[in-house]
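In what follows, a structure is listed as C-alpha cells, so that the remarks can point back to it.
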Amino acid sequence: MNSEMAPSSHLSGSIEVERKFVPGPEVEKSLYALGAELLKEITFRDSYYDCPDLRLTLSDCWLRKRGDSWELKYPPQPGARGLIGASTQYLEVTEEDKIICKVSEVLGVPTPPSIEAFCLNEFASFVTRRRSFQLPLEESSGTMAVVDLDEADFGFAVGEVEIIVQTQEEVQNAFQKVEEICKKLGVFQESAVQGKVSTFLQLNRVEHYKQLIEAHII
Ligand code: V4E
C-alpha cells in the first residue's frame with residue numbers, strides 16, 4: 001500500500017462525511033433562514049466505471065469521471081463500510097497516480113500507466129444540475145457544511161449535507177453535525193436516502209443493483 005494512503009490520522013485525501021435527504025419544497029427557504037449562501041450552480045456529467053465482475057463497486061470503490069477529471073471514492077479504513085447508519089464516510093482521491101494505485105490494489109493487478117489502461121466498463125452515466133449552498137457551522141471554528149441540491153437528468157432529485165474532515169477522529173462529530181443540520185432543515189429521516197448512482201442502477205441495471213444490495217454496499 002502507498003504510504004500516503006495509510007488509514008487513520010494521516011490520510012492524504014479528505015474524508016467526506018455526508019447525509020442524503022429528499023429535498024422538499026421548503027428546503028431552500030430553510031437554508032436561507034439558517035444563514036446559508038448559494039455558492040454555485042453547476043452542471044456536470046458523471047460516468048462510473050467497473051470491471052465486468054463488479055469487483056470495484058462490490059468493494060465499495062467508486063471510480064468516476066466528472067467532466068474531464070477522474071475521481072475515486074472509497075471507505076477511509078480498510079474493511080470498513082462507507083455507509084454507516086444513514087450517513088456515509090468516503091475518502092475522495094483525485095490524483096491519477098493515487099487512483100491507479102488504489103484501483104490496482106482492489107483489483108489485485110499490476111499498476112498500469114493510465115486509468116484508461118484498466119479497460120473498465122462504464123456502468124452509469126448521467127448529467128446533474130447542482131445548486132451548492134454554504135452553511136456556517138454554529139460554534140464558528142470557520143468550518144462550513146455544504147448542502148447540495150441535485151437534479152439528475154433521469155428525473156431524480158436528491159439533497160445532501162456534507163462536511164469535510166481531515167482525520168478519522170473527526171468523523172463521529174461530523175456524523176452528528178450532518179444529522180443536526182438535516183433536522184434543522186426539516187429533511188431528517190432515520191433510514192438512508194438513496195443517491196443518484198443507486199437510483200440509476202435500480203432503474204437501468206437491476207442485476208448490478210441487486211448484487212450491491214446483497215453485499216450491503218448500498
Ligand atoms: C459513494 C457511493 C457512490 C458514488 C457516488 O457518491 P455520491 O456521494 O452519492 O455522489 P455525488 O454526486 O453526490 O458525489 P459528490 O459530488 O458529493 O462527491 S454510489 C454509492 N455510494 C455508496 C453510498 C451508499 N452506500 N449509501 C449512500 C446513502 N450514498 C452512497
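In each ligand, atom 1 is the first atom listed, and ligand 1 is the first ligand listed.
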Output the list of atoms in ligand 1 that are nearer than 4.0 Å to some heavy atom of [X], sorted by atom number.
| X | value |
| --- | --- |
| Val197 | 5 (C), 19 (S) |
| Arg130 | 11 (P), 12 (O), 13 (O), 15 (P), 16 (O) |
| Ile218 | 25 (N) |

Of Gln176, Arg19, Lys20, which is the lone residue that meets side-chain hydrogen bond (donor to acceptor under 3.5 Å, both in side chains) with Ser87?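 Among Gln176, Arg19, Lys20, the one that satisfies the side-chain hydrogen bond (donor to acceptor under 3.5 Å, both in side chains) with Ser87 is Arg19.
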Answer yes or no: does an N/O atom from [X] fall short of 3.5 Å to an N/O atom of ligand 1?
| X | value |
| --- | --- |
| Thr88 | no |
| Asp60 | no |
| Ile217 | yes |

Protein residue, atom and distance nearest to [atom], heavy-atom basis:
| atom | answer |
| --- | --- |
| atom 6 (O) of ligand 1 | Lys73 NZ, 3.8 Å |
| atom 26 (N) of ligand 1 | Leu83 CD1, 3.6 Å |
| atom 13 (O) of ligand 1 | Glu160 OE1, 2.9 Å |

If we count only N and O atoms by modelled type, under 3.5 Å, do the side chains of [X] and [Y] hold a donor and an acceptor together?
| X | Y | result |
| --- | --- | --- |
| Gln194 | Gln202 | yes |
| Asp150 | Thr128 | no |
| Thr167 | Glu170 | yes |
| Asp60 | Tyr90 | yes |

Going by heavy-atom distance to [atom], choose the closest among [options].
| atom | options | answer |
| --- | --- | --- |
| atom 4 (C) of ligand 1 | Phe44, Tyr48, Tyr90 | Tyr48 |
| atom 21 (N) of ligand 1 | Trp62, Phe126, Phe200, Tyr74 | Trp62 |
| atom 18 (O) of ligand 1 | His216, Arg64, Gln194, Lys196 | Arg64 |
| atom 9 (O) of ligand 1 | Lys20, Gln89, Glu162, Glu16 | Lys20 |

Below 4.0 Å from any atom of ligand 1, is there a heavy atom belonging to [X]?
| X | result |
| --- | --- |
| Glu71 | no |
| Glu92 | yes |
| Arg19 | no |
| Arg81 | no |
| Val193 | yes |

Which residue, Trp70, Phe123, Trp62, forms the ring pair (Phe, Tyr, Trp, His ring centres under 6.0 Å) with Tyr49?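 The single option meeting the ring pair (Phe, Tyr, Trp, His ring centres under 6.0 Å) with Tyr49 is Trp70.
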Checking Phe154 now: which residues fulfil ring-ring contact (aromatic ring centres under 6.0 Å, His included) with it, not counting sequence neighbours?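 Applying ring-ring contact (aromatic ring centres under 6.0 Å, His included) to Phe154 gives Phe126, Phe200.
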Is the terminal nitrogen or CZ of Lys102 (NZ for Lys, CZ for Arg) located under 6.0 angstrom from the six-membered ring centre of Tyr74 and within 45° of that ring's axis?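 Satisfied, under 6.0 Å and within 45°.
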Do Glu162 and Lys177 meet the salt-bridge criterion of a basic N to acidic O distance under 4.0 Å?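 No salt bridge links Lys177 with Glu162.
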Decide, yes or no, whether a salt bridge links Lys184 with Glu180 under the criterion of side-chain N to carboxylate O below 4.0 Å.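 No, Lys184 and Glu180 are not salt-bridged.
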Do Leu58 and Tyr48 sit in the same hydrophobic cluster, where Ile, Leu, Val, Met, Phe, Trp and Tyr count as joined when their side-chain heavy atoms come under 4.5 Å apart?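 Yes, Leu58 connects to Tyr48 through the hydrophobic network.
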Audit row: Glu28, Arg131, salt bridge (Lys or Arg N to Asp or Glu O under 4.0 Å) steps and yes/no: CA-CA 10 Å; Glu28 247 184 88; Arg131 285 162 62 73; 2.5 Å; yes
Below 4.0 Å, non-hydrogen atoms only: which portion of Thr128 touches ligand 1? Side chain, backbone, both or neither.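 None of Thr128 does.
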